[in-house]
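Report on the following structure.
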Amino acid sequence: MTSNDNSYFESKEFKNILQQFEKSQTSGNPMFMDSDDFSDIAEYYFNQGDFKNAKKAIHDGLDIFPHSTDLWILKAKLTALVEKDVTKAYTYLERVEDKSDFEYIYLLGKLKLREEQTEEAEKLFRNHLNDLVEEERENFIFDIASLYAVNEQFMKAEDWFELLKSKTDDDCQELKGRILLGLGDYEESERIFQKLIDKNPYSVDYWTDLASLQAINDRFSDAITSCEYAIAINPKNSLAIIIKANSLFNLGNFEEALKYYLAYQQLDPNDVTIDGLIGVSYLQLDQPAKALAHLKRAEQQNQVAQESLAEIYENIALTLSHLGKMDEALSYVDKMQNLECMDMEDIKLTKGHILLENDQVEAAQEIFQEAIRQPDASTYTALKIAVFSYNCGYVQMAYEVLKNLLESVDETWEYGYSYFAVCCKTLNKTDEFIQAVKKACEKNPYEAQKVLQTFFPEGIAPEEYYNFLLQNQ
């Protein structure tokens, strides 16, 4: 595109052009602009999430400039990424006359990657790279490495990154940090992000990069702190807000998480995942009616990705069950069963959970036994059954399952001790509770904080839980 740098959109020149366009839309009078102006206006609206006006600018521009490369590419981009009609987007790309244009190559490759046609995309990129003169190669290599990183194809991203002749500038180092993060080299990735922050502590991107790394490593408190720095710099940074929301949720602070999910939705209302997250937050806050409204909206918005639908169906089923609508809840379990991505163990566990919550104890136990007998069942299966039992009020059942489980696992096992401690506390088994807390904090401090924090004063670290109990018996 001619002027897709965001700094141009803040310029007086662009604001005057945008004002002319908006006046013409109100008055109906014709505009006198070139094709670049129309494409800049459309790009601006696209970046703002105002797809209606972006579409209008593209339409008006193509009426006057039907051979505009930029406008046809933007039309294809909007059609594919917003309207989700990839087939039609390809037809618009066919109208592009300059097939060597970078934005054409980039969007065509991006669509192929989304359709998991990686080899075709790679061939397209390599052929274009071979056609470039030396001074154009570095920017193209960097952009393709970045595209692969965004698509979470980090080995491909690393291959392209290694083609760069210069890798030392800050942009390259940030990309290297994100690639290493994706490849699982957390230590080196964090070192890079910390070094970049030391050089420029006012970079929102660096703080959100660091927060992403910390969240992936279950360091949710650290991630929240990094997000707070990013939000202090830019209160409307949607990435920092969603990472903070997810981190708060994972720490069990559902009320605060919900506030940030709602704030994120205000900033990015077109993100189809957010209603599901809001719905689950309401469910955790025991507001099932509000949860159901958002989850149903999420169901309507997510009709393509089976993995997303599976999670939505499960959460709707559990919400309906919580509302006492068992038959309707079980109908969503049937929907889960129709998805190819679902395994039978998860389906049976969800069904058992619903039956147990609705006091169908014998039926639930039978289903749970079927889940345990599934070929892909594991120790986690028993753990999930115990947690479901506790959540449904069958504490003695949960206690017995967990006691048998934790007596059978080896020393490397680290899950479930906190839930066992909660069962002991509820059943007034004080000595067992204290010892279970000690074990839970030694084995899995994160789980201990998430599950046990309500039993301790705010601000106490899991490492201090056991001593606190001893001192306050």
Side-chain angles (χ1 to χ4, degrees), residues 80-87 111-118 151-153 242 246 249-250 261 265 270-284 288-358 360 363-385 387-389 391-392:
L81 305 183
V82 178
E83 298 175 357
K84 310 297 183 185
D85 191 339
V86 177
T87 302
L111 296 184
K112 289 185 180 297
L113 290 178
R114 281 182 168 229
E115 294 186 301
E116 299 182 359
Q117 298 177 22
T118 304
N151 279 273
E152 298 184 355
Q153 293 180 259
I242 194 66
N246 289 334
F249 187 95
N250 278 293
Y261 284 137
Q265 189 173 48
N270 297 299
D271 187 336
V272 297
T273 67
I274 189 62
D275 272 303
L277 296 169
I278 292 171
V280 174
S281 299
Y282 276 124
L283 185 58
Q284 292 290 341
K290 288 183 178 179
L292 188 61
H294 284 277
L295 290 168
K296 289 276 192 177
R297 195 175 302 134
E299 179 187 10
Q300 294 171 356
Q301 294 171 333
N302 289 271
Q303 290 299 316
V304 179
Q306 283 207 357
E307 289 78 8
S308 298
L309 267 179
E311 187 175 355
I312 291 166
Y313 286 162
E314 180 179 5
N315 286 323
I316 291 176
L318 296 175
T319 305
L320 288 166
S321 175
H322 200 58
L323 288 166
K325 300 179 179 181
M326 186 180 76
D327 290 340
E328 191 177 352
L330 292 174
S331 74
Y332 271 88
V333 176
D334 292 338
K335 288 186 177 184
M336 290 167 62
Q337 196 162 345
N338 291 330
L339 298 175
E340 292 180 2
C341 65
M342 289 300 302
D343 61 62
M344 192 55 65
E345 179 199 346
D346 286 339
I347 292 168
K348 289 188 179 295
L349 286 172
T350 304
K351 186 174 183 178
H353 187 173
I354 292 166
L355 290 168
L356 192 61
E357 187 170 34
N358 289 272
Q360 306 292 310
Q365 288 179 324
E366 184 177 333
I367 293 294
F368 285 150
Q369 287 301 315
E370 290 179 10
I372 290 172
R373 289 195 293 268
Q374 291 300 309
D376 52 354
S378 66
T379 311
Y380 293 99
T381 308
L383 175 60
K384 290 174 184 176
I385 291 170
V387 174
F388 293 161
S389 300
N391 289 339
C392 292

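What's counted below: heavy atoms across the whole structure, side chains too, no hydrogens, waters or symmetry copies.
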Handout entry: Between CD on residue E328 and CG on residue L292, distance to nearest 0.5 Å
Key = 7.5 Å

Handout entry: Approximate separation, where rounding is to 0.5 Å, of R114 CZ and N151 CG
Key = 7.5 Å

Practice task
Check the surroundings of atom NZ in K348: do more than 12 heavy atoms from other residues, nucleotides or ligands lie under 6.0 Å from it?
Solution key: yes

Problem - Shortest non-hydrogen contact between L356 and A364, atoms and distance - result: N-CB, 3.6 Å

Practice task
Identify the heavy atoms of A317 and Y332 that sit nearest to each other, and give their distance.
Solution key: CB-CB, 3.8 Å

Completion exercise
Distance col, row Y261:OH vs T273:OG1, nearest 0.5 angstrom, shows 9.0 Å

Problem - Atom pair CD1 (I274) and CZ (R297), whose distance is rounded to the nearest 0.5 Å - result: 11.5 Å

Problem - Min side-chain heavy-atom separation L349-I367 under 4.5 Å - result: no

Problem - CG-OH distance between N338 and Y313, expressed to the nearest 0.5 angstrom - result: 8.5 Å

Exercise for the section: Might you confirm whether atom NZ of K296 has over 12 heavy atoms from other residues, nucleotides or ligands at distances under 6.0 Å? Expected result: yes

Practice task
Indicate yes or no: does E299 engage K335 in a salt bridge with an N to O separation below 4.0 Å.
Solution key: yes

Practice task
Report yes if some heavy atom in the side chain of T381 is under 4.5 Å from a heavy atom in the side chain of T379; otherwise report no.
Solution key: no

Completion exercise
Looking only at heavy atoms, the pair that brings I312 and A298 closest together is CD1-O, 3.6 Å

Handout entry: Gap between atom NZ of K384 and atom CD1 of I372 - 0.5 Å precision
Key = 12.0 Å

Handout entry: Neighbour count above 12 (heavy atom, 6.0 Å) for E366 CD
Key = no

Exercise for the section: State, to 0.1 Å, how close M342 and A310 come at their nearest heavy-atom pair, and which atoms those are. Expected result: SD-CB, 3.3 Å

Problem - Distance-only donor-acceptor check, side chains Y380 and E345, under 3.5 Å - result: no

Problem - Heavy-atom donor-acceptor pair, N358 side chain to Q360 backbone, under 3.5 Å - result: no

Exercise for the section: Kindly say whether D346 contributes a backbone atom to a donor-acceptor pair with the side chain of T350 at under 3.5 angstrom? Expected result: yes

